[in-house]
Amino acid sequence: MAKTPGSTRTRGRARTIVTRTLWTLLAVIVAIIVVAGVLISWTIQRSFPQVRGEVQLPGLSAEVTVQRDAAGVPTITADTTDDLFFAEGFVHAQDRFWEMDFRRHTTSGRLSELFGESQVGTDKFLRTLGWHEIAEQEVEALDDTTRSYYESYAKGVNAYLKEHEGADVSLEYAVLGLQNPDYEIEPWTAADSVAWLKAMAWDLRTNIEDETERAILAQNFTPEQIAELYPAYPFDQNPTIVPPLPDQKTAGAVRVPSVTDSGIEWSEVGSVIEAADALLGDPGEGIGSNSWVVGGEFTDTGLPLLANDPHLGAALPSVWYQVQLRCSTVSAECPFDVGGFSFSGLPGVVIGHNAEVAWGFTNLTTDVADLYIERLQGEQYWRDGALVPITEKEDVIKVAGGADVPLTIRSTVHGPILSGLTDDFTSIAEHAEIAGAPAGDAYAVSLRWTALQPGNTAKAIFVLNTAKDFDDFRAAAQVFDVPGQNLIYADKENTIGYQAPGLQPIRGAGDGTVPAPGWDSRYDWTGYIPFDEMPMVKNPAQGFIVTANNAIVDDSYPYFLSADWDHGYRAARITELITQTLAEGKMSAARMQEIQNDQQFWLGPQLAAAVADLPIDRKGPQAAVALLTEWDAQNSIDSPAAAYANVLWDTLGTALFLDHEPAPAPVSGQGRMFQVVSALLEQPNSPWWVDPITGATGRDAVLTAVVNRAYDRLAALQGEDVTKWNWGSLHAITLTSATFGKSGIAPIEWLFNRGPYAVGGGSSVVDATGWNLGSSFATTSVPSMRMVLDVSDFDKSTWIHLTGASGHAFHPNYVDQTPDWSVGVQRSWAFTPDAVAATTVDTLTLHP
């Protein structure tokens, strides 16, 4: 058919209309995207804190200034202690309130009120432990002055909440509203702050897992096998914190008592203990810390240098919040001039320094918790041949979007009954006859733990903050009971020291290494080690003190402290590096940082030697083994040899232990496993040398199979060219929010999570980026912060921590420190008023 001019014009008009319509639709879509972007940006940024100008806050008595540097770190200056801690509470809430709110729901066993029924099991466990209830008792027992600090802090938090709600407080509340629209933020209380100390004690627990593992192992392993898996601390190889008895005459002032004085699917994790651990991120491998102090005689400044890097579960935001608290005029009425690392939700400074003294912490790793097997008969339990009633308390768990869940909390004289709440404790109860219990109707497992009784640490923080000398420091240590920490010290009078604090139980029968028979009072605790008999060091002759969760004392100490120390490889390496440095000259702050970043893999050279001469018939594995011949044993980010060595180590551990028949053996604690495997490498015919995949037996045959398998694993991940392998990306850390970062919805997780970041180091390495043997090479526990304090000039001190000051996703200070942290860089740390003024970029004035 012939085309007519009219039909052509009609088609042209149609095309024009369609084109215009498409452009209109595209414009509408673009407009929607732009508007959505603006709304999302507004929603995100509306909770960012005001950091400049003036704010009026009813409750203050006088003007307070808040100076922030480029990293968002605040220095708070006030005339009175009430105003100082009021302002600290206000600033913590500005930057971190969602984190604070999540923490208090965890410590009080109320996660179900936030996230619904998936958290009921976790809440049952945490409510049974009763952290918040104990915190309330501790607040009631505080002296008036200390209580006023907590109450002023709470008033500051609540002053912020009075003017902010929902998404104005944090982006997380906007997301929470999709699932739980009726949630309302409650006022903050002093007990909410104190309860956090219980959570930290939980994160720093050590022996509970080992005691549980040994009890379960007894079902499938002989006592001899268990002893091989849990070797004693290698006193002949690795150091103790306090020198052993023969050296004490020349060790300076060292004392031990025997010598002298809505669309969100919240998945339930595999166990309630794992869920409780989610508070700080997966504790994973390597929870502990490094700290050491070098006396002025041996430093280039003539005064002490002190280093500290606590190892905790990776968290976003970081568990730490750096702050400086300064009284306008330091006096008896207002004695604070202190800077360092605090916890959001807790007033004061936990680790740091004031104008005169500096201090650091590492986990004490003493055994302060025991499991007891209780022999039950109905609602009673046996005690020394008589039946006594189980203590019961009724409680209710409120559930967002669901019905209330009743809870009966049961306890014995030892503490709460935990079997029935976790698989491991329930398994111990079900196999109680393995633990030597007599025949009975039923069994349960209860927990005795120093953190489950009112303590004094809530006060100790402020005694530390205002200490002026070593005696003040020890006075703080005397009331620092839970969590037990190795405390190290330095001051401007050139004194260095160490004090072991904490409630350390004295046991009757038994040593706490396995669950004890609860029906026999001979196994009860009989008291606590007197403080004056706890290990202490002051100005040792060697000129330095190292604590890295290693044994505090040797077996000559008259009290039992633990059978489950970290096995001391980090402590030995730090001691070696300090000794080498001092043999060549003076210690510097820069050298202290270098030691913190040391990445030597202790077992690496022994593994390399063990596989060097094996008959490997494949070119790929041959090239991989050849990498180890020139390796410096450093787990460096870009090292191909470190990548292969760690995959080899993981493959070997999996073959020997996790795939062991008839039951797997635990591989938690790589320092322990270093010692286990190091011994096995000297026993080529040990029964442990069995490869379950190839059926090979004997050391060399198993190692040959493992060498090939490790190559295949790494080649699948990073290619067959061994020169292009690297440890950093294999061992990378993804910073994950403990709440919405694990929601299971990718766009929501994208909002809050960051990374991955390549890192070096490893488990039981000085640069302790822990990973889980037999699971994943990804970093799960970290040096949560690093600091080097220069007592000669605190303005020359340096610091860094894992993420940033802000808890607000997309804020410039959310993860601004992570790139430096990941490569071991530290930043300067202004302290004096002039130095703070020089680094201040924002000033906020708070008015009554």
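Within the 3.5 Å criterion, the main-chain N or O of Gly415 finds no donor-acceptor partner in the side chain of Ser446. Remark: the backbone N or O of Ser289 is paired with a side-chain donor or acceptor of Asn549 at under 3.5 angstrom. Put simply, the side chain of Glu88 gets close to the backbone of Gly348: a donor and an acceptor are under 3.5 Å apart. Looking at Asn465, its side chain does come within 3.5 Å of a backbone N or O of Val349 through a donor-acceptor pair. Without hydrogens or angle criteria, Thr457 side chain to Asp481 main chain gives a donor-acceptor distance under 3.5 Å. In this structure, the side chain of Asn290 does not engage the main chain of Asp309 through any donor-acceptor pair within 3.5 Å. At least one donor-acceptor pair closer than 3.5 Å links the side chain of Thr526 to the backbone N or O of Ile506. The backbone N or O of Ser521 sits less than 3.5 Å from a side-chain atom of Asp384, completing a donor-acceptor pair. Put simply, the side chain of Tyr559 never gets that close to the backbone of Pro505: no donor and acceptor are under 3.5 Å apart. Asn486 places no side-chain N or O within donor-acceptor distance of the main-chain N or O of Ala548, the cut-off being under 3.5 Å.
The closest side-chain heavy-atom distance from Leu217 to Pro666 is below 4.5 Å. Looking at heavy atoms from C-beta onward, Leu129 lies out of side-chain contact with Lys198 at the 4.5 angstrom threshold. Between Leu312 and Trp320, the closest side-chain pair of non-hydrogen atoms falls below 4.5 Å. Residues Leu197 and Ile461 form a side-chain contact, since some pair of their non-hydrogen atoms from C-beta on lies under 4.5 Å apart. Taking the side chain as every heavy atom from C-beta outward, Gln119 and Arg110 never approach each other to under 4.5 Å. The shortest distance between side-chain heavy atoms of His567 and Pro231 falls below 4.5 Å. With a 4.5 Å cut-off on side-chain heavy atoms, Met534 and Tyr557 count as touching. Between Leu346 and Ser193 there is a side-chain heavy-atom pair separated by less than 4.5 Å.
Listed here is the closest heavy atom pair of Ser784 and Val319: CB-CG1, 4.3 Å. Closest of all the heavy-atom pairs between Asp524 and Tyr372 is CA-OH, 3.7 Å. Between Val242 and Pro535 the shortest heavy-atom distance is CG2-CB, 3.7 Å. Closest approach of Met536 to Arg474, counting heavy atoms only: CG-NE, 3.9 Å. In plain terms, the two heavy atoms of Arg147 and Glu140 that are nearest each other are NH2-O, 3.1 Å. In this structure, Ala477 and Pro501 approach most closely via the heavy-atom pair O-CB, 3.1 Å.
In this structure, CD1 on Ile351 lies 9.0 Å from OG1 on Thr362, to the nearest 0.5 angstrom. Summarising the geometry, atom OH belonging to Tyr153 is positioned 15.0 Å from atom OG belonging to Ser148; distances are rounded to the nearest 0.5 Å. From Thr408, atom OG1 reaches atom NZ of Lys124 across 9.5 Å, with rounding to the nearest 0.5 Å. Rounding to the nearest 0.5 Å gives a distance of 11.0 Å between CD1 of Ile373 and OH of Tyr523. In this structure, Gln453 CD and Glu138 CD are separated by 9.5 Å, a value rounded to the nearest 0.5 Å. For the atom pair NE2 of His105 and OH of Tyr183, the computed distance is 3.5 Å after rounding to the nearest 0.5 Å.
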- Item | side chain to side chain donor-acceptor pair (under 3.5 Å) between Asp424 and Thr422, intermediate numbers included | CA-CA 6 Å; Asp424 286 350; Thr422 79; over 6 Å; no

- So Ser112 and Asp123, side chain to side chain donor-acceptor pair (under 3.5 Å) or not? Walk me through it. CA-CA 7 Å; Ser112 299; Asp123 282 348; 2.7 Å; yes

- Item | CA sep, side-chain torsions, deciding dist, call: Leu487, Trp359, side-chain contact (heavy atoms from CB on, under 4.5 Å) | CA-CA 7 Å; Leu487 302 183; Trp359 65 91; 5.8 Å; no

- Query: Going through the checks in order, is the side-chain contact (heavy atoms from CB on, under 4.5 Å) test met by Val350 and Phe361?
  - Reply: CA-CA 9 Å; Val350 178; Phe361 291 176; 3.7 Å; yes

- Does the pair Arg570 and His311 meet the rule for a side-chain contact (heavy atoms from CB on, under 4.5 Å), with working shown? CA-CA 12 Å; Arg570 285 180 288 114; His311 309 153; 3.6 Å; yes

- side-chain contact (heavy atoms from CB on, under 4.5 Å) between Val553 and Thr240: does it pass, once the steps are laid out? CA-CA 5 Å; Val553 291; Thr240 57; 5.6 Å; no

- Task: Start with the C-alpha gap between Glu172 and Thr739, add the side-chain angles, then the distance that decides, and say whether side chain to side chain donor-acceptor pair (under 3.5 Å) holds.
- Result: CA-CA 9 Å; Glu172 283 87 346; Thr739 54; 5.3 Å; no

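A salt bridge does not link Arg672 with Asp210: every distance from a Lys NZ or Arg NE/NH1/NH2 to an Asp or Glu carboxylate oxygen is 4.0 Å or more. Under a 4.0 Å N-O distance rule, the pair Arg214/Asp564 qualifies as a salt bridge. The existence of a salt bridge linking Glu99 and Arg103 is confirmed by a sub-4.0 Å separation between a basic side-chain nitrogen and an acidic carboxylate oxygen. Between Glu374 and Arg410 there is no salt bridge, since none of the side-chain N atoms of the basic residue sits less than 4.0 Å from a carboxylate O of the acidic one.
Phe341 and His801 have perpendicular rings, their planes meeting at more than 60° on a 0 to 90° scale where under 30° would count as parallel. Between Tyr528 and Trp525, the two ring planes are perpendicular [angle over 60°; tilted spans 30° to 60°].
Of the candidates Leu561, Leu503, Thr366, Leu561 is the only one forming a side chain to side chain contact (heavy atoms under 4.5 Å, CB included) with Ile529. Looking at His92, Arg104, Lys155 one by one, the single match for side chain to side chain contact (heavy atoms under 4.5 Å, CB included) with Trp188 turns out to be Arg104.
A donor-acceptor contact under 3.5 angstrom links the side chains of Asp192 and Thr189, judged on distance only.
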